[in-house]
Amino acid sequence: MTYAELLKHLETYGQTHLLKHWDVLTADERSHLSGQIMSVDFAQLAKLRTGETKAVDWKVAAPKAKSPPAVRIGKPWPYDAAAAKAAGEKALRAGEVGAVLVAGGQGTRLGFDHPKGMYHIGPVSDATLFQILLEKIVAAGRRYGVRIPLFLMTSPATNDETIAFLERHNRFGLAENDLVVFCQGTMPAVDMATGKLLLASSSELALSPDGHGGLPAALSRSPAQSIIRDRRLTHLFYFQVDNPLVTMCDPTFLGYHILSQSEVSTQVVAKQDPAERVGVLAEIDGQALIIEYSDLPEADAARRTDDGALALWAGNTAVHVFDAAFLLSAAAGAGELPFHIARKKVPFVDDSGNTVDPTEPNAFKFEKFIFDLLPVAKRTLVVEVTPADAFAPVKNAPGSKTDSPEHVKAAIGAQGRKWLRAAGAEVADGTIVEISPLFALDADQVREKIKPGTRYEKATYLRSDE
Ligand code: UTP
């Protein structure tokens, strides 16, 4: 594409500033920038920015929201937990379960300059998030006598480093063809005030991953889709890279999903405080959906039922089970999910070629959310778990008040202590015993391996068959 053709194209959308540095670019840089520009849907971006495509007015919709029926801890449900666990274990043993990990995010809040999965989180072992999560998959496979494949979504921001890191560590024990990595798409960042696209360098648009909701589209472009079919996987256990406490391929959760013939099931934790920054599972006019904390009006977050409980109590942990056929059909109609707008700090190169590092949000980023598949599903299910057992995400930088690495390390330590004490071991208060997934995946496996009365008085890492 020539300079004149590009200029004409950009004039239509008021974006000619993208060619400001054309004169100083090499031939390769010009062709790279021109390719990026031509792949942008400028008309769609303009509509997104002005809110023309905004689907829901939450001030109107949220007051109608109520909590969906849910499998709640200690409350009756059509199937008991033992029946659910048996159904989940049967599916696992039959090799019907695959794992899906989304790890394309930029982890800006954590402020770590690598893919978040490479962050060291083991309180004693210093293991990375990837190590803990992948070892959980390996260990779950051993437990049920199968190989559980992992479908790992990266983004251009995380792909190369993630692949190199996992290969360097022999995929933490996963067989080569049990790891399928595929890359999600991107969206340009747009200046909040002017709607102009930002340049990351003189020859490069500022692009960011298109959200975890980019999963169906990324699947549709990748061999992962046919591998899911060829391996006859019927249930996909979806989790995120930031939660090392996840109960990997949780058989009880899988079983509830299977027995309810659900297409999308979601693990939730009970919100304690209306201000908690977590999306809530809700139902509006009989339709299941998740309302992001930033969309939920304060009055609705604080709304209570007659018994004094929060009306919208079900906090999203972002752990799901998808019916594989459902997810693949979503992949076939991949363009469908709506975009959400986030205000973020995005460094950029200005018209004079200077790099600007903003201190306040300056740009709109556009992301799709995986949970927007909920309203599309015919049947959904919500299952409550205890946060101490299953949910401790690393979101924020060290020292933050919530979801910091310190909180997550403490949660891993507390879980180890709880499992050991349940097995009759003595663990001094404050003593951290970290349990490798290869040693035990839950309290039952700890009980099989630990002699009652064993004492732990200093920080310990229990690994393999110690
Ligand atoms: P978050 O919403 O916490 O975003 O992602 P993030 O990018 O990791 O962190 P911040 O907001 O920049 O601080 C939740 C999960 O979704 C994945 C992340 O990797 C994480 O596992 N994700 C997020 C993607 O795979 N792609 C995306 O485009 C965004």
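Just follow the structure's listing: the first ligand is 1, and inside any ligand the first atom is 1. Here the structure is a predicted model, which means the values were calculated and not measured.
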Item to check | Contact check: Met153 vs ligand 1, nitrogen or oxygen atoms, below 3.5 angstrom | outcome: no
Next on the checklist: So is Ala103 touching ligand 1 or not, going by heavy atoms under 4.0 Å?
Outcome noted: yes
Checklist entry - Can you find a side-chain donor-acceptor pair between Gln184 and Lys368 that sits under 3.5 Å? => result no
Next on the checklist: Please check: side-chain N/O of His17 versus main-chain N/O of Leu197, any donor-acceptor pairing under 3.5 Å?
Outcome noted: yes
Next on the checklist: Can you name the atoms of ligand 1, numbered from 1 with element, that are less than 4.0 Å from a heavy atom of His212?
Outcome noted: 16 (O), 26 (N), 27 (C), 28 (O), 29 (C)
Checklist entry - Taking Pro188 as the fixed residue, which of Leu18, Leu45, Val346 is the one that meets the side-chain contact (heavy atoms from CB on, under 4.5 Å) rule? => result Leu45
Next on the checklist: With side-chain contact (heavy atoms from CB on, under 4.5 Å) as the criterion, how do Asp403 and Arg277 come out once you've worked through the C-alpha distance, each side chain's angles and the decisive distance to 0.1 Å?
Outcome noted: CA-CA 10 Å; Asp403 301 337; Arg277 292 160 77 88; over 6 Å; no
Checklist entry - Backbone or side chain, does any N or O of Glu367 fall under 3.5 Å from an N or O of ligand 1? => result no
Checklist entry - How are the rings of Tyr13 and His9 set relative to one another: parallel (under 30°), tilted (30 to 60°) or perpendicular (over 60°)? => result perpendicular
Next on the checklist: Has Glu276 got a side-chain atom pairing as donor or acceptor with Asp273's backbone, closer than 3.5 angstrom?
Outcome noted: yes
Checklist entry - For atom 6 (P) of ligand 1, what's the nearest protein heavy atom and its distance? => result Gly107 N, 3.6 Å
Checklist entry - At a 4.0 Å threshold, what atoms of ligand 1 neighbour a non-hydrogen atom of Gln184? => result 24 (C), 25 (O), 26 (N), 27 (C), 28 (O)
Checklist entry - In terms of residue, atom name and distance, what is the protein heavy atom nearest to atom 14 (C) of ligand 1? => result Gln240 OE1, 3.2 Å
Next on the checklist: Quick test: of every protein heavy atom, which one is nearest to atom 24 (C) of ligand 1, and how far off is it to 0.1 Å?
Outcome noted: Gly105 N, 3.3 Å
Next on the checklist: Quick check against the 3.5 Å criterion: does Lys116 have a side-chain atom that pairs as donor or acceptor with the backbone of Leu129?
Outcome noted: no
Item to check | Check: Glu406/Ser404 side-chain N/O donor and acceptor closer than 3.5 Å | outcome: yes
Checklist entry - Which heavy atom of the protein is the closest neighbour of atom 12 (O) of ligand 1, given with residue, atom name and distance? => result Thr108 OG1, 2.5 Å
Checklist outcome for this item: Closest to atom 21 (O) of ligand 1 among protein heavy atoms sits Val102 O, 2.7 Å
Checklist entry - Under the criterion side-chain contact (heavy atoms from CB on, under 4.5 Å), which of Thr317, Thr386, Asn316 is the partner of Val269? => result Thr317
Next on the checklist: Give me the nearest non-hydrogen protein atom to atom 1 (P) of ligand 1 as residue plus atom name, then the distance to 0.1 Å.
Outcome noted: Arg109 NH2, 3.7 Å
Item to check | Side chain, backbone, both or neither: Lys344 near ligand 1, heavy atoms under 4.0 Å | outcome: side chain
Item to check | Proximity of Gln106 to ligand 1 by residue part, where a heavy atom lies under 4.0 Å | outcome: backbone
Checklist outcome for this item: atom 5 (O) of ligand 1: closest protein heavy atom, distance to 0.1 Å, is Lys395 NZ, 4.2 Å
Item to check | Closest candidate by heavy atom, reference atom 25 (O) of ligand 1, pool Ala157, Gly211, Ala218, Gly104 | outcome: Gly104
Checklist entry - Taking non-hydrogen atoms only, is Pro209 closer than 4.0 angstrom to ligand 1 via side chain, backbone, both or neither? => result both
Item to check | Phe165/His169 under ring pair (Phe, Tyr, Trp, His ring centres under 6.0 Å): CA gap, chis, key distance, verdict | outcome: CA-CA 6 Å; Phe165 179 76; His169 293 278; 4.6 Å; yes
